[in-house]
Amino acid sequence: MKLVVSSPPHWHEKLTVSKIHYNFILALLPAVIYAIFTYGMPAVRVMTLAVATAVIADILIRLAFRKPVTATDGSAFLIGLLFALILPPSVPYWFVIIGSFLCITIGKEIFGGLGSNPLNPVLVGWAILHISWPGYLNFNLAVANYNLDFPLHYPLTMLKNGGSELISGFNFLDLLLGKQVGGMGAAAVLLILIGGIYLLLRKIISWEIPFFFAVGVVVMSAVFWLSNSAVYANPLFHLLTGNVMIGMFFLATDYASSPFNKWGMIVFGLGIGVLTVILRTLSVYPDGVIFAILIMNLFTPLLDRIKNNPKPLAINHIERR
Amino acid sequence: MNSLLLKSKEMKITEVPEPKEVLLPLKGFDEEKEKLKIKEGSRVKTGEELIPGVYSTVTGTITGIDIMSFAGTDLTILRIAVSETDEIAPEITAAADYLEKDAAELLKKLNRANLGFDEELKDIKTVIISAVDTEPLAASYQQFLIENPDTVTEGLKLIKHLTAAGKVFLALPEPLLSSAANLTAGAADIFPVKPVYPNGLPEILTRDISRKYDTGKTAFLKIEKLVAAVLALRDGKPFSHKVITAAGKGKIKNLKVRIGTPLKDLLQDMQPGENEKVMIGGPMMGTACYNTDLPVTADVDMIYVQDAAEIVKNENNQCMNCGKCVEVCPAHLSVNLIGRYAEFSIFEQCRDLGIQHCIECGLCAYYCPSGRSLVQFIQLAKSELEKIEAEKIETEGEDVE
Ligand code: SF4
Ligand code: SF4
């Protein structure tokens with residue numbers, strides 16, 4: 001009789017890499033449905049194109065690097081989908097393809113693939129496009145041909161141009177319910193929040209990064225708002241607009257580019273929140289979330305050096321060993 | 001990963017029939033020196049000293065010596081054919097008034113009765129007696145507490161007498177709290193524990209108790225050994241039987257077995273099939289065996305047969321840096337980094353990250369979504385570091401010369 005021998009532990013929780021990615025995708029599903037209902041076929045077009053490009057690029061590059069093809073683990077699918085959800089629905093097809101391709105190649109695989117990317121791959125692709133062809137990422141132009149039941153102005157551009165007077169027209173319930181212009185899925189704030197809470201409950205992401213991200217946003221925007229409420233928006237407005245919600249739960253929490261120990265996560269989250277508001281208020285860009293996350297990604301190796309103090313677990317036995 | 005809670009009658013400790021043959025590992029066996037004493041055909045009594053520090057757990061006739069492989073080492077095993085009648089070695093005596101005797105003398109007697117208590121542990125301040133099973137599925141300690149309440153009470157008095165420890169804690173699973181309230185008779189404090197892995201591990205119990213109380217130097221003892229000590233001193237019975245949980249094939253039961261019984265005698269109704277796994281120990285820390293000829297030794301608390309379908313195949317993918325291992329590690333180690341350094345043979349970095357504090361509880365690998373064999377990496381790094389240390393000492397010694 002042949003017995004199997006292997007090292008302990010002999011049980012496993014059975015939450016595998018692919019299950020984690022599929023759970024992320026599941027958590028994004030409500031936002032995907034929102035995008036389809038709000039923007040129709042153009043949204044479907046961008047999402048399928050982004051996902052397909054990402055998966056094909058992942059397969060091709062792994063073949064080229066002579067590494068095992070891991071497209072079924074859902075990682076490339078998730079990157080493509082997240083990339084689509086922060087885009088406006090009107091972007092041309094070549095724009096999506098180039099962006100999605102850059103996410104996978106420069107964002108992820110070039111550094112060694114899953115778990116080794118220093119920056120969030122989705123944001124790398126986005127940032128390159130944003131700098132190369134800024135015109136296509138204009139949310140106001142994107143909805144020009146639509147007839148939707150909410151104000152067709154990107155709230156953050158309004159804030160940038162006109163201060164808090166112009167944004168007094170937005171009501172918070174509408175913003176929460178996704179009745180706002182923005183990334184095709186990112187604007188569905190409540191649905192993203194529900195997805196995020198699902199991930200928290202499944203223990204797929206830990207609460208530190210989203211929570212302290214929110215704290216950072218609220219504290220920093222409160223500082224500005226209290227100093228001059230005629231120019232600066234209040235904290236709730238900041239929380240409910242742009243990429244804050246999707247960034248909180250889906251972008252900042254990318255495993256490889258965020259710290260792995262608690263204190264690192266806390267500083268990381270706070271940093272993103274604070275930087276987001278600073279960039280929104282003081283830079284030329286309406287939304288600062290993505291650059292804030294990329295900047296804090298660069299600090300991750302440093303934050304990981306915050307020592308996880310090993311705790312000796314000592315024991316004496318009464319029996320001799 | 002809740003540990004099993006016993007309620008049903010099936011968990012009652014049942015005695016298994018005497019084995020035909022008993023196998024005893026001879027620790028520190030030196031063939032040249034011991035040849036004369038251990039001869040084929042010579043008769044031994046229960047409790048008789050075989051080689052220094054190793055006692056027979058059965059009455060019978062020596063039939064030979066074998067080498068068996070377990071957990072990467074070779075064990076020298078003595079085979080004894082079991083006799084019909086059980087005779088106890090004359091050196092082991094009963095004494096009803098044992099509590100009045102001197103502690104040093106009692107410790108000697110315990111050692112003689114195969115209990116191997118450490119006589120050096122004089123300066124301990126606190127003793128923890130544990131009735132909390134260590135592994136998930138295991139339920140032998142808790143059942144032991146339920147079935148031997150009076151002896152436990154007596155044992156708690158004994159342990160105070162033996163060690164002069166200021167405090168004694170009886171750790172038990174929370175659900176047993178109400179039924180055990182009067183058990184300690186003032187001789188110990190009860191420390192209830194949530195019956196969830198890894199709370200029953202000695203290191204974790206020690207840490208949890210020291211967080212709540214001022215403990216000082218602490219020593220640990222399983223409840224079974226406490227009861228065995230009373231039986232040895234009071235009734236003159238050497239430590240020859242062990243209670244273990246046997247789980248597998250949909251069954252789970254507590255068995256009282258003679259120490260040295262081969263596993264195959266205990267697995268009659270849970271025979272492992274082709275390509276299944278048999279473990280000495282439980283699902284989290286157990287050691288898989290190459291065959292079922294190995295004996296139950298004094299340290300074994302559990303044996304576990306795992307069906308082929310349940311066997312975890314480690315894929316050992318690249319680490320995705322999710323941080324789950326770091327989150328669950330009770331020793332607060334950066335396990336992801338340790339795993340990577342060990343994988344690429346950079347062992348000094350593992351040491352700097354505190355790898356020696358790992359208690360090999362297996363939680364990191366249990367949760368790792370990439371299925372990395374983290375415990376195996378850690379064991380490898382630890383043994384390599386030991387080799388490096390040994391070499392260092394050697395070369396330093398040369399320098400001095
Ligand atoms: S086995 Fe893993 S979780 Fe357990 S102490 Fe060691 S490193 Fe930590
Ligand atoms: S649990 Fe596994 S995949 Fe996650 S960080 Fe630890 S070693 Fe890497």
Side-chain angles (χ1 to χ4, degrees), chain A residues 1-21 67-68 70 73 75 112-118 203-206 208-209 253-262 264-265 300 304-321, chain B residues 115-118 121 124 127 163 202-204 206-207 217-221 225 272 274-279 283-291 306 311-312 314 317-323 326-327 330-334 336 353-354 357 359-360 362 365-367 369-371 373 375-376 379:
Chain A
M1 181 180 45
K2 223 168 64 210
L3 293 177
V4 174
V5 179
S6 66
S7 73
H10 307 282
W11 281 357
H12 190 265
E13 200 208 11
K14 307 226 161 75
L15 184 65
T16 56
V17 174
S18 3
K19 273 195 204 149
I20 288 180
H21 288 139
K67 285 201 197 165
T70 50
D73 74 2
S75 153
L114 186 68
S116 309
N117 48 295
K203 296 219 166 104
I204 286 172
I205 57 175
S206 43
E208 282 88 351
I209 293 176
T253 52
D254 173 56
Y255 290 145
S257 55
S258 65
F260 59 77
N261 61 41
K262 296 289 156 205
M265 287 185 194
T300 296
D304 272 341
R305 297 200 69 110
I306 298 178
K307 258 246 171 85
N308 227 3
N309 264 342
K311 286 246 167 53
L313 293 165
I315 177 74
N316 302 299
H317 289 274
I318 289 190
E319 301 158 71
R320 247 193 323 242
R321 298 253 136 177
Chain B
L115 280 157
F117 279 24
D118 197 335
L121 283 174
I124 44 173
V127 174
T163 62
E203 291 87 348
I204 306 289
T206 309
R207 179 196 70 187
K217 189 173 177 188
T218 308
F220 178 89
L221 189 67
K225 295 284 173 80
E274 190 75 12
N275 285 329
E276 302 199 322
K277 217 196 261 183
V278 177
M279 277 153 258
M284 293 304 288
M285 296 178 76
T287 310
C289 310
Y290 292 101
N291 59 46
Q306 196 173 29
I311 292 176
V312 180
N314 278 338
N317 291 324
Q318 200 168 327
C319 166
M320 74 184 297
N321 228 355
C322 65
V326 183
E327 200 180 320
H332 297 260
L333 299 174
S334 304
N336 53 348
L353 286 166
H357 299 313
I359 57 169
E360 294 176 23
Y366 175 83
Y367 283 105
S370 293
S373 314
V375 176
Q376 200 172 3
Q379 286 169 339

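Residue numbering restarts at 1 for every chain, and letters A, B, ... go by the order of the sequence lines.
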Name the member of [options] that forms the most heavy-atom pairs with chain A at distances under 4.5 Å.
options                                : answer
B:Leu221, B:Thr287, B:Ile359, B:Asn336 : B:Asn336
B:Glu327, B:Gln379, B:Gln318, B:Arg207 : B:Gln318
B:Pro330, B:Ser373, B:Gly354           : B:Pro330
B:Gly323, B:Pro283, B:Cys289           : B:Pro283

Over all heavy atoms of both residues, which pair between [X] and [Y] is shortest? Give the atoms and the distance, please.
X        : Y        : answer
B:Ala365 : A:Pro9   : CB-CD, 3.5 Å
B:Val375 : A:Pro8   : CB-O, 3.5 Å
A:Trp11  : B:Tyr366 : O-CD1, 3.4 Å
A:Met265 : A:Phe260 : CE-O, 3.8 Å

Counting distance only, does the side-chain N/O of A:Asn316 pair as donor-acceptor with the main-chain N or O of B:Lys217 below 3.5 Å?
no

Short question: side chain of B:Ser370, backbone of B:Asn317 - any donor-acceptor pair under 3.5 Å?
no

Under 4.5 Å from a heavy atom of chain B, the part of A:Lys19 involved:
neither

Where on A:Ile204 is there a heavy atom nearer than 4.5 Å to chain B: the side chain, the backbone, both, or neither?
backbone

Can you tell which part of [X] gets under 4.5 Å to a heavy atom of chain A, answering side chain, backbone, both or neither?
X        : result
B:Glu274 : both
B:Cys322 : both
B:Glu360 : neither
B:Leu333 : both
B:Asn291 : backbone
B:Ile204 : side chain
B:Thr206 : side chain
B:Lys277 : both

Contacts of type side-chain contact (heavy atoms from CB on, under 4.5 Å), residue A:His21, not counting sequence neighbours:
A:Val17, A:Asp73, A:Ser75, A:Leu78, A:Leu114, B:Met320

Could you tell me which residues satisfy side-chain contact (heavy atoms from CB on, under 4.5 Å) with A:Ser258, sequence neighbours excluded, listed by chain and number?
A:Ile209, A:Phe268

Given the options A:Pro310, A:Gly115, A:Ala256, which has more heavy-atom pairs under 4.5 Å with chain B than any of the others?
A:Pro310

For A:Lys2, I'd like to know if atom NZ has over 12 heavy atoms of other residues, nucleotides or ligands within 6.0 Å.
no

Have a look at A:His10 and tell me which of B:Gln306, B:Met284, B:Met285 forms a side chain to side chain contact (heavy atoms under 4.5 Å, CB included) with it.
B:Gln306

